[in-house]
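Following: one structure in structure tokens, then a few remarks.
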Number of protein chains: 2
Amino acid sequence: MGRGKVELKRIENKISRQVTFSKRRSGLLKKANEISVLCDAEVALIVFSAKGKLFEYSTDTSMERIIEKYERHSYAEKNHTMNSKPKENNLCIEHPKLMARLEVLQRNMRNYEGEDLDPLSLRELQSLQQQLDSALKRIRTRKNQLMQESISVLQKKVKEKEKQEEQQQEPLLPQTSLTFTLPPQLLHGTSSLTICGGQEPTTGAEEDGNRAPPRDPNTRIPPWLLRH
Amino acid sequence: MGRGKVELKRIENKISRQVTFSKRRSGLLKKANEISVLCDAEVALIVFSAKGKLFEYSTDTSMERIIEKYERHSYAEKNHTMNSKPKENNLCIEHPKLMARLEVLQRNMRNYEGEDLDPLSLRELQSLQQQLDSALKRIRTRKNQLMQESISVLQKKVKEKEKQEEQQQEPLLPQTSLTFTLPPQLLHGTSSLTICGGQEPTTGAEEDGNRAPPRDPNTRIPPWLLRH
DNA sequence: GTATCTATATATAATAT
DNA sequence: TATATTATATATAGATA
């Protein structure tokens, strides 16, 4: 990327190392900003020179917010691997730092709850919305999963019951058995626990998706299903 | 740096935004590594995609170390500004209690991001979903508000321009004035910054809402609007 | 340390697979 | 989506001020 090719190893000449650092640093910051703007990404970049001088870039000037988000992510991943000693390392975070972190978290949390939105820029609102959209998607997926599991269990129970009755009473009219087919709507998530046609609410947020009445009262989820 | 030049603004096309993100992300990570090796610098790079996926690079795989160093630096700077009363109100929450609160908050936050949902019951999922739905609603409302404000400002500017032109040139054909009526779609929130017909995405989470092209290129939000 | 000037090396946009 | 191709746009090494 210049007159000569450079090996990927520490530049020995002190001068040219410094010069290269200066040039590449600004290039890196520029590219960090570009990907952030072009692709709607959140970027945090921290660079310490060999002598310890700090340079940084962060989307929307919210370095703390991004770092906090990062820590939550990596924290969760680590917990997957080793949840034996959940204290130890963070035990000794100094009190003021802890407080600061807590405050950032609380502020974020408020935003996730749709509160205190006034100081946010359009960009930040946009990002927040996308996050919530994808979170909601995952939540609906998980809900479906749980419901399907419950349904399977119930189906089994019904079949057992059926068998018992077949054995106790004399077999009669097997066609009118208790077996029931699940309506396909039951297998799709809805914005509310009331199943109403298997469609997500058109607007996703305008209201609750309850506007359309259930097509068939029999497709309501029975109360015992709600207890998980 | 490719077949065409690109403006430094959000790429509206969803596909090419994703592709560009993927390419530039790897480019950025590569360069972060290069400056780190060539110039003996410590680098920490955190990138969250628009959908919240995490990518990271850090010198010597010690992200935490670098972040800590960063916090010490910026902390020192902050102390310069206001070192008068760094305690006062919550001085006396005991450390362990603070930690506990932090952990609870973090766990909640994860749920709000659609992660770690497995231990939640159907009821809890339902509640979570309702919370997010209403948060999203408020976020969209706030976004609309911001956009409308910007639009008002713009309308004013256009009118002023118009007046100036009327004064400078002789009045001619007032019917073809620059006044424009805002399409009703502009007044509803969309899932993306591109205004595209005023419809929320059908599922509220599937993707970006960019699938439908803008009905009229003139309804695109101008770049200066994005800067808030 | 910074800034400017090339010649090259790289990155990547547009495109197709 | 992931990768491959290719024409261009950028970044930057090396030199100099």
Side-chain angles (χ1 to χ4, degrees), chain A residues 1-41 43 45 47-57 59 130-131 133-134 137-138 141, chain B residues 1-43 45 47-57 59 73 114 191-194 201 203 205-214 217 220 223 226:
Chain A
M1 203 134 87
R3 299 293 181 89
K5 216 168 181 172
V6 281
E7 268 189 287
L8 191 55
K9 60 170 236 184
R10 182 187 141 106
I11 297 172
E12 291 305 341
N13 181 289
K14 194 176 138 192
I15 304 289
S16 79
R17 173 155 28 100
Q18 155 62 29
V19 172
T20 295
F21 176 71
S22 170
K23 287 178 177 175
R24 279 177 176 260
R25 170 174 31 97
S26 66
L28 191 60
L29 263 55
K30 187 181 174 196
K31 286 208 172 284
N33 178 57
E34 286 176 354
I35 196 177
S36 166
V37 173
L38 292 173
C39 310
D40 220 21
V43 180
L45 174 60
V47 181
F48 284 104
S49 75
K51 280 181 287 180
K53 194 169 174 186
L54 168 64
F55 304 86
E56 60 180 300
Y57 167 84
T59 305
Q130 282 177 340
Q131 289 254 303
D133 272 335
S134 82
K137 190 180 172 186
R138 265 167 276 165
T141 303
Chain B
M1 208 134 86
R3 299 293 181 87
K5 214 170 183 171
V6 282
E7 268 189 287
L8 191 56
K9 61 169 237 183
R10 182 187 140 106
I11 297 172
E12 293 304 343
N13 181 287
K14 189 181 122 192
I15 304 288
S16 75
R17 175 154 29 94
Q18 155 64 28
V19 172
T20 294
F21 176 72
S22 170
K23 287 179 178 176
R24 280 178 176 260
R25 172 176 27 96
S26 64
L28 191 61
L29 263 53
K30 188 180 173 197
K31 285 204 172 284
N33 178 56
E34 285 176 355
I35 195 176
S36 167
V37 173
L38 292 173
C39 309
D40 216 21
E42 281 186 296
V43 181
L45 174 60
V47 181
F48 284 104
S49 76
K51 279 180 283 180
K53 194 169 176 188
L54 168 66
F55 305 86
E56 60 179 299
Y57 166 84
T59 306
H73 265 255
S191 182
S192 93
L193 278 181
T194 306
T203 64
E206 272 306 342
E207 257 319 324
D208 207 6
N210 271 352
R211 282 160 295 178
R220 276 167 179 271
L226 300 182

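Each chain gets a letter, A, B and so on, in the order the sequences are listed, and its residues count up from 1. Just so you know, these numbers come straight off a predicted model, no measurement behind them.
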When A:G2 and A:K53 are each assigned the nearest nucleotide of DNA chain C, the 5'-most assignment goes to A:K53
Sorted by chain and residue number, the ring pair (Phe, Tyr, Trp, His ring centres under 6.0 Å) partners of A:F48 (sequence neighbours excluded) come out as B:H73
If you take any heavy atom closer than 4.0 Å to DNA chain D, which residues from residues 9-24 of chain A end up in contact? A:T20, A:K23, A:R24
Those residues at least two apart in sequence (or on a different chain) that pass ring pair (Phe, Tyr, Trp, His ring centres under 6.0 Å) with B:F21 are B:F55
Leading and trailing nucleotides of DNA chain C with any atom under 4.0 Å from heavy atoms of chain B: C:dA11 to C:dA14
side-chain contact (heavy atoms from CB on, under 4.5 Å) against B:S26, all qualifying residues, sequence neighbours excluded: none
Has A:I15 got more than 12 heavy atoms of other residues, nucleotides or ligands less than 6.0 Å from its CD1? no
List for me each residue that meets side chain to side chain donor-acceptor pair (under 3.5 Å) alongside A:R138, sequence neighbours excluded, and say none if there are none. A:S134, B:E115
For A:E12, enumerate each residue passing the salt bridge (charged side-chain N to carboxylate O under 4.0 Å, His left out) test, keeping only those at least two apart in sequence or located in another chain. A:R10
Among pairs that include at least one residue of residues 23-42 of chain B, which meet ring pair (Phe, Tyr, Trp, His ring centres under 6.0 Å), considering only residues two or more places apart or in two chains? none
Tell me every residue that passes side chain to side chain donor-acceptor pair (under 3.5 Å) with B:R24, counting only those two or more places apart in sequence or in another chain. A:E34
Where does DNA chain D pair, written as one dot-bracket string 5' to 3', with Watson-Crick or G-U pairs under 3.5 Å, ( ) inside the strand, [ ] for crossing pairs and | for another strand? .||||||||||||||||
Checking all strands, does A:K51 fall into the base, sugar-phosphate, or nothing category for heavy-atom contacts under 4.0 angstrom? sugar-phosphate
Check each of B:L45, B:L28, B:V47 against A:L45 using the side-chain contact (heavy atoms from CB on, under 4.5 Å) test, and report the only one that passes. B:L45
Ordered by number, residues from residues 25-38 of chain A within less than 4.0 Å of DNA chain D (heavy atoms) are A:G27, A:K30, A:K31
Taking side-chain contact (heavy atoms from CB on, under 4.5 Å) as the definition, give me every residue that meets it alongside A:T141, ordered by chain and number, with sequence neighbours left out. none
